[in-house]
Amino acid sequence: MSDKSENLNALQHASSAYLRSAMHQPVQWNEWGEAVFALAQRENKPVLLDVGAVWCHWCHVMDRESYDDPEIAAIINQHYIAVKIDRDERPDVDSRYQAAVQAISGQGGWPLTAFLTSDGRPFFGGTYFPPEDSHGRAGFKRVLLTLAQAFHEKGGEIEESAQGVMAAISRGESFAGHTGPINPEMIDNLVRSAVKQFDPVHGGFGTQPKFPHPSALDLLIDSFARSRDQELKTVIETTLRKMAQGGVYDQLGGGFHRYSVDDKWIVPHFEKMSYDNSELLKNYVHAYRALGDGFYAGVANDIMRWMDSVLSDRESGGFYASQDADITLEDDGDYFTWTLEELRAALPDPLEAGLAAAYYDVEPVGEMHHNPLKNVLFVSSTIEQLATRFELDPQAVRQKLSIIKRKLLDTRARRPTPFIDKTIYASWNALCISAYLSAAGALGREDCQIFALRSLDRILRSGWSVADGLVHVIAYADGAVPLQPIAGVLDDYAFTANACLDAFEATAEAKYYEAALQIADAMIARFHDSTGQGFFDTGNSAVRQIGALTAQRKPLQDTPTPAGNPSAAIALSRLYSYGGDAKYRLIAEKCLEAFAGVVEHFGYFASTYGLALAHVLGEHTALLIIGGDQIAAEMLDVARGFWSTDSSLLHIKNVAQIQRLPLALRETIASLAGSPNTVALLCSGHSCRPPLYDPGELKLELANSLRAGRIQRV
């Protein structure tokens, strides 16, 4: 009787869903590790590195065309040691080889195909390769044979190329010699770089393909809240409305797809990522608070509707990584798109079908090249236009559209559902937790706060210890426990520290502040460059670094998640504002100074750096409401009607909580520890204005601050 696993490669032992999906391929794949490169050196073979992700359509295409092909697999197995990487699981490996391939070919992306020396240094690479020569592009088969021959016959040229690529990685990522002073003008310059790229017709920045750039939007919202600049308001409103009305937004299920292939936000790449939706959720919440328009609150609630139903572990807490775009390689977003006939079958009432077709622009010929009958749903008519065209009252149109959406969603739910990667990553979960906590406060969604705190507690319980630090993967898709936990990278620490501070501000519970403090201290110990300042993306490790991992990186650019260095600076600045420990402020300042000489060259791709400057250069303001009675509730309602981008609201329900506050904050309000009355305090710079005991007084004080330009009204 044959062993069922005899035809499986080494990826059968992997925990990653993406890697396990390739365990049946005839390529003798290996996971990344020191033993693999030792094997390559013993056999004197180059290494073929394939980096992809479970949500990546073209990764699956290359798998089917090349890696499933026995002839190509035989070439790889004979001439190479093959290594496959899940870019979500190993962002440290991916980021370096992305930089390498960009230096070689001028472009990056996934699938990433890199050819390495036997010790892991890249000497050639690209992204997707067709199996055979096609349209002037070299076929993968020919590339494999040519490079295998070159590796053995032109060793000198291979070595020279590898050295040059490694030098390019180091130069591009170290930022040595780019220090300088920091000042508020730098924020204005980064804002102007985004405004300069603004598309006034369709919103967003630049041309096709068009990405949302959430950090840039947050920087613009922050700047508008400070300045009330009407040009910034136009950029924000146009972009957020056009995105939410476009096909890049799932009009039925809620949530954003990854990006749009066109400049009108109509045809997306259909995968949905947790980090895109967490950061866009923040955008819409912040826009709601800055502009007071209920449209943004509606989109925010709709994003969370999708995340709650599809992308979260409701029982244990935690947010899943992504939802795939496709069911098979033959389709392209077929789950999300509609033919006119499919629409009419779901809506047999002619009026409903006509309204839906007009509202979502569903026509006999749609937008999808692989199937011209398929339409992407996007909002193409206003309620008023539909009311006029169909001779209905606008309210009746709204009611009809609500029914239509429910019927279409019910029909879609009966289709095969794209794969959901249920892996829980510390960094992406921290972003989601922060977004949910922000939404909970702004929208009055206690359920969001409860789930966010449950998710944060899971990270702290399962993924963090003072002795071992943070792990990058909290749980894998199939529930498997990783045999060798993957050490957290800078993003995991910086994002989780900020999430803990968000939880502290939401609850006034000292345990979250203490967790933020411990994680920040570990971040400094493991990642901080005490000589050149700033933070490396990977920590000090006893494990020998292989190949491009020997190149040190200090992440500055948003990609599209917020960059690690400015995120770390934000966390440290916030810790200083509460605890008063000057070392955190100093490290944050030095971190930003380390990039000051070069950051403006990155433009709006360095928007998180601009937000960090606002934190470090500004003066944090905390509004404390102390008490648990009806007056406290009324004060909270008043407080939520005002907003400051560099402020926080803490509701302290009893005296016992005061004793557990950070030292500087506790000392600031010590005189009120025994007050029998509910009180509100507006504190900044470790001092407070006179206490307020009446909701009306608080409203007047906040209004005065509004006139002074410190706080913005919702």
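If you read the sequence from its start, that first residue is 1, and numbering goes on from there.
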Exercise. For Asn277, enumerate each residue passing the side chain to side chain donor-acceptor pair (under 3.5 Å) test, keeping only those at least two apart in sequence or located in another chain.
Key: none
Self-check item: Residues Lys272 and Asp250 bridged, charged N to O under 4.0 Å
Solution: yes
Under 3.5 Å, which donor-acceptor pairs link side chains of residues 60-70 to any protein atom two or more places apart or in another chain?
| residue | atom | partner | partner atom | Å |
| --- | --- | --- | --- | --- |
| His60 | NE2 | Val54 | O | 2.7 |
| Asp63 | OD1 | Gln25 | NE2 | 3.4 |
| Asp63 | OD1 | Lys84 | NZ | 3.1 |
| Arg64 | NH1 | Glu330 | OE2 | 2.5 |
| Glu65 | OE1 | Tyr128 | OH | 2.6 |
| Asp69 | OD2 | Glu71 | N | 3.0 |
| Asp69 | OD2 | Ile72 | N | 2.9 |

Quiz item: salt bridge (Lys or Arg N to Asp or Glu O under 4.0 Å) with Arg90: which of Asp86, Asp92, Asp88?
Solution: Asp92
Quiz item: Any side-chain heavy-atom pair from Asp50 and Trp29 closer than 4.5 angstrom?
Solution: yes
Quiz item: Is the shortest distance from a Lys or Arg side-chain nitrogen in Asp133 or Arg142 to a carboxylate oxygen in the other one below 4.0 Å?
Solution: yes
Quiz item: salt bridge (charged side-chain N to carboxylate O under 4.0 Å, His left out): which pairs involve residues 293-302, sequence neighbours left out?
Solution: Arg241-Asp293, Asp302-Arg305
Quiz prompt | Partner residues of Phe419 under the ring pair (Phe, Tyr, Trp, His ring centres under 6.0 Å) criterion, sequence neighbours left out | solution = none
Quiz item: Considering residues at least two apart in sequence or located in another chain, which fulfil the ring pair (Phe, Tyr, Trp, His ring centres under 6.0 Å) criterion with His472?
Solution: Tyr425
Practice problem: Would you check, one step at a time, whether the test side chain to side chain donor-acceptor pair (under 3.5 Å) holds for Asp308 with Tyr436? | Solution: CA-CA 11 Å; Asp308 285 349; Tyr436 263 51; 2.7 Å; yes
Quiz item: Just wondering, are more than 12 heavy atoms of other shown residues or ligands nearer than 6.0 Å to NE2 in His369?
Solution: no
Quiz prompt | Pairing residues for Phe211 by the ring pair (Phe, Tyr, Trp, His ring centres under 6.0 Å) criterion, not counting sequence neighbours | solution = Tyr259
Quiz item: Hey, what's the ring geometry for Tyr275 with Trp428, parallel, tilted or perpendicular (30° and 60° as the breaks)?
Solution: perpendicular
Exercise. Kindly state each residue pair satisfying disulfide (SG to SG under 2.5 Å) with at least one member in residues 58-108, sequence neighbours excluded.
Key: Cys56-Cys59
Quiz item: By side-chain contact (heavy atoms from CB on, under 4.5 Å), which residues pair with Gln28, not counting sequence neighbours?
Solution: Asn9, Asn77
Quiz item: Among all residues two or more places apart in sequence or in another chain, which pass the side-chain contact (heavy atoms from CB on, under 4.5 Å) test with Arg406?
Solution: Ile403, Asp410
Practice problem: Would you mind checking if Asp218 and Lys282 are paired as a salt bridge, meaning a charged N to carboxylate O distance below 4.0 Å? | Solution: no
Practice problem: With sequence neighbours excluded, tell me which residues meet side-chain contact (heavy atoms from CB on, under 4.5 Å) with Thr239. | Solution: Phe198, Leu217, Val235, Met243
Quiz item: Can you say whether the rings of Phe319 and Phe451 are parallel (under 30°), tilted (30 to 60°) or perpendicular (over 60°)?
Solution: perpendicular
Quiz item: For Glu315, does the CD atom sit with more than 12 other heavy atoms under 6.0 Å from it, leaving out its own atoms?
Solution: no
Practice problem: Could you tell me how the ring of His257 sits relative to the ring of Phe336: parallel (under 30°), tilted (30 to 60°) or perpendicular (over 60°)? | Solution: perpendicular
Quiz item: Residues two or more places apart in sequence or in another chain: which of them pass side-chain contact (heavy atoms from CB on, under 4.5 Å) with Asp276?
Solution: Arg258, Met273, Pro560
Exercise. Take the angle between the ring planes of Trp110 and Trp55 and call it parallel below 30°, perpendicular above 60°, tilted in between.
Key: perpendicular
Practice problem: Would you list the pairs meeting salt bridge (charged side-chain N to carboxylate O under 4.0 Å, His left out) in which at least one residue belongs to residues 362-377, sequence neighbours left out? | Solution: Glu342-Lys374
Practice problem: Step through the shown structure and confirm whether more than 12 heavy atoms of other residues, nucleotides or ligands are within 6.0 Å of CZ on Arg415. | Solution: yes
